[in-house]
Q: 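Have a look at this one before I ask anything.
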Number of protein chains: 2
Amino acid sequence: MVSIKDLAKHLDISIGTVSRALNDKPDVNKQTREKVLQAADNLGYVANQSGRSLRQGTTNAIGFLIESGADTEGNSDNFFMGVIDGLQSELSKHKLDLLVLPCSTDENPENYVKRMVARQLVDGMIISATHTIDKRIDFLSKSKLPFVALGQSETGKNHPWIDLDFEGVARVSIDRFVKNGHRRIAIALSANELNLGSIFLKSYKDSLKRHNIEFSPELVLQANSNDKGGYAIADELLNLNDRPTAILLVHELMAHGLYRRLAEDGLVVGRDLAVIGFRNSAQARMFSPSLTSFKLSLRDLGIALAASLLSTMPAYQKHYSGKMLSQIWPMEIVDGESDAEKIPKNLT
Amino acid sequence: MVSIKDLAKHLDISIGTVSRALNDKPDVNKQTREKVLQAADNLGYVANQSGRSLRQGTTNAIGFLIESGADTEGNSDNFFMGVIDGLQSELSKHKLDLLVLPCSTDENPENYVKRMVARQLVDGMIISATHTIDKRIDFLSKSKLPFVALGQSETGKNHPWIDLDFEGVARVSIDRFVKNGHRRIAIALSANELNLGSIFLKSYKDSLKRHNIEFSPELVLQANSNDKGGYAIADELLNLNDRPTAILLVHELMAHGLYRRLAEDGLVVGRDLAVIGFRNSAQARMFSPSLTSFKLSLRDLGIALAASLLSTMPAYQKHYSGKMLSQIWPMEIVDGESDAEKIPKNLT
DNA sequence: TATAGTATCGTAAACGTTTACGGAAATTAG
DNA sequence: CTAATTTCCGTAAACGTTTACGATACTATA
């Protein structure tokens, strides 16, 4: 590895000048700067990040905290890949690299964050999969590290966050169901403690109240966000005395199992049960009948997350004067056939 | 941030002793070591990675190179998440952290690798999505950084790699088709340049030859590894004069579209067309009729990758004496209904 | 007791940067 | 022509570690 010292020796100038030339500092002659850059290119010099970090306490990297594990509910590769693409697109403008930090299923998330912060390998963090009570946020708030959360939390809101508009998804869905004549509407929540569950539930209840529909606890179902979970939910639903005529799926990966279980009884989605799912992922576009869902640009979301984070970091603030720090991320509904039938039927 | 210097001052001993105590070096009294560890815990000391890296040229981290992008073909299930989980499980045994390094779609993969190597933030790398001609492998081979590739490449084999047994998948599938009476067998390849395509094709051809079946170029189809691609392939297939009675899908995400397109013509998978897919992902377990496929434990794969990498790194070799460096990763077939019908029918 | 050996610790250099400071040379002002 | 200013560059310290080396005190050996 060629160091700045090698460069200096090769050019017969001091390492200070070399450093200044490489970093576009003012106090250096134009010709010598040219020579330095030329030589750096020739010898294949590239700054050692450890040395730089040690000196100026900065790493030129941003961390994206995710939870790994093959059976991670809801958060498929797809979701993260899209967001990552957006993040990089924005971060690369500032020559910042993105490090994805996967918290193993074996490790306590709070511990993991502590370790990663202590490692000092990033200048800022984006955390995902926020829980209603999220100790990571507590810790990060106390630490000096800038961060932004994908998802709100009850733990504290004195930090930038971007949250998908789950409230809107539930509201729009229920309103649509009601408009089409449904009065008995179920909701399928995920079986983990992610904060989005409580937001969904609250919005669901509020919407029912707005339409003067009584809340029935038995219509709030909970299962894993996958095929099996959807199957279980459909099963539970079919066993109810007073069956619902519509259901909102908090994660549409459940839809597969739901379609499957209904088909077993000769029931068809859209005719016998109205379904709206969240969110319009690639996999979910191939249901038959097609699933009414909500559109979400993961790339744009990633870009917004990066912008939000950078606008809290002094070194980058100038580029993000007018940007919002925190925001609710709106999503549009995409019409499908799964809630097309206007006249509600009972599952008989 | 509390440094080793603070610790030393607090305990009124030298920083050298503190360092030795923290790192389990022999030349330190048992009691002082206790005191140091105690104090480190109390003051919340954690080693600064930059300082350490700078001094000993090691980072205690391993990089996992992936390709980001929302529309990354093929890997839209939880492929990476599963592998990551396995990697971490093995790496954590040696107190190594895993950094996932996503190469943006905007950036040249070779450039990206160079940047990441130069950054010196990992002690070793695992690269994925190897292409038939892969310049990253060229570069890494020349550099001193240990690495292992997930997937073979023609670029060079003088490095550890683990490749899924695509040859076996094709062979077993074709044999099974033939055994059930099929003679006109198609194969659906992915539309990118990943190396697995050529392996699949070769094995497909060899298997046909073994059964004295003439190779028909029109039965080799190519499309994106997703719903749309599967639809296109089914479409193309239905337009053939002499239709195949069986098809092997290199990526089963195509299956959705294929089922859909066939259903449009009233055709049923398993009866009118035998289908085998690769690989048995969570999403793919919910086809109806269920898809015959190949089982793959992503976690175990990740563990093997980590073991292979570590066994090339002097510091960790002692733990991996007898392990294989490179290997073909075997997979078992999982019976489904999609190729159940033994009597071949023509699609008429 | 003298000597060799051992256990424990402090000192200081080194890793590769960045940057405050000062000095020399060159330019401009008077 | 001198003085003031600017331009450019070298020097050296600092960031937080690890580790080779040497020093000291203690223990065992003869």
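Worth knowing before you read on, the calculation uses all heavy atoms, side chains too, and leaves out hydrogens, waters and symmetry mates. Just so it is clear, the structure is predicted and the values come from calculations on it, not from any experiment. Reminder, nothing fancy here: chain letters follow the sequence lines and each chain counts from 1.
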Q: Quick one: how far along DNA chain C does chain B reach, first to last nucleotide 5' to 3', anything under 4.0 Å to a heavy atom?
A: C:dT8 to C:dG16
Q: Nearest 0.5 Å please: distance from the CG atom of B:Leu310 over to the NZ atom of B:Lys93.
A: 10.0 Å
Q: Where is the tightest heavy-atom contact between B:Glu90 and B:Ala307, given as atom of each residue plus distance?
A: CG-N, 4.2 Å
Q: Tell me the interatomic distance from A:Ile15, atom CD1, to D:dT11, atom P, rounded to whole angstroms.
A: 9 Å
Q: Can A:Asp106 and B:Arg299 be counted as an ion pair, charged N to O under 4.0 angstrom?
A: yes
Q: So among A:Leu37, A:Val46, A:Val28, which one has a side-chain contact (heavy atoms from CB on, under 4.5 Å) with A:Leu22?
A: A:Leu37
Q: Which word best sums up how the rings of A:Tyr320 and A:His94 line up, parallel for under 30°, tilted for 30 to 60°, or perpendicular for over 60°?
A: tilted
Q: Tell me if the centroids of the rings in A:Phe64 and A:Phe80 come within less than 6.0 Å of each other.
A: yes
Q: In this structure, is the centre-to-centre distance between the rings of A:His10 and A:Tyr45 below 6.0 Å?
A: no
Q: Walk me through whether B:Arg136 and B:Asp134 qualify under salt bridge (charged side-chain N to carboxylate O under 4.0 Å, His left out).
A: CA-CA 5 Å; B:Arg136 300 177 302 173; B:Asp134 204 315; 3.0 Å; yes
Q: Under 4.0 Å from any atom of DNA chain D, heavy atoms only: list the residues of residues 23-49 of chain B that qualify, in numerical order.
A: B:Asn23, B:Lys25, B:Tyr45, B:Val46, B:Ala47, B:Asn48
Q: Could you please spell out the steps behind the salt bridge (charged side-chain N to carboxylate O under 4.0 Å, His left out) verdict for B:Asp27 and B:Arg20?
A: CA-CA 7 Å; B:Asp27 281 13; B:Arg20 280 189 295 265; 5.9 Å; no
Q: What is the nucleic acid contact for B:Ser19, judged by heavy atoms within less than 4.0 Å: base, sugar-phosphate only, or nothing?
A: base
Q: Quantified as the angle between the terminal helix axes (five pairs each), what is the overall bend of the helix from C:dT1-D:dA30 to C:dG30-D:dC1 to 10 degrees?
A: 50°
Q: Between A:Val100 and A:Ile84, which heavy-atom pair has the shortest distance, and what is it?
A: CG2-CD1, 3.7 Å
Q: Any side-chain N or O of A:Ser14 less than 4.0 Å from the OP1 or OP2 oxygen of D:dC9?
A: no
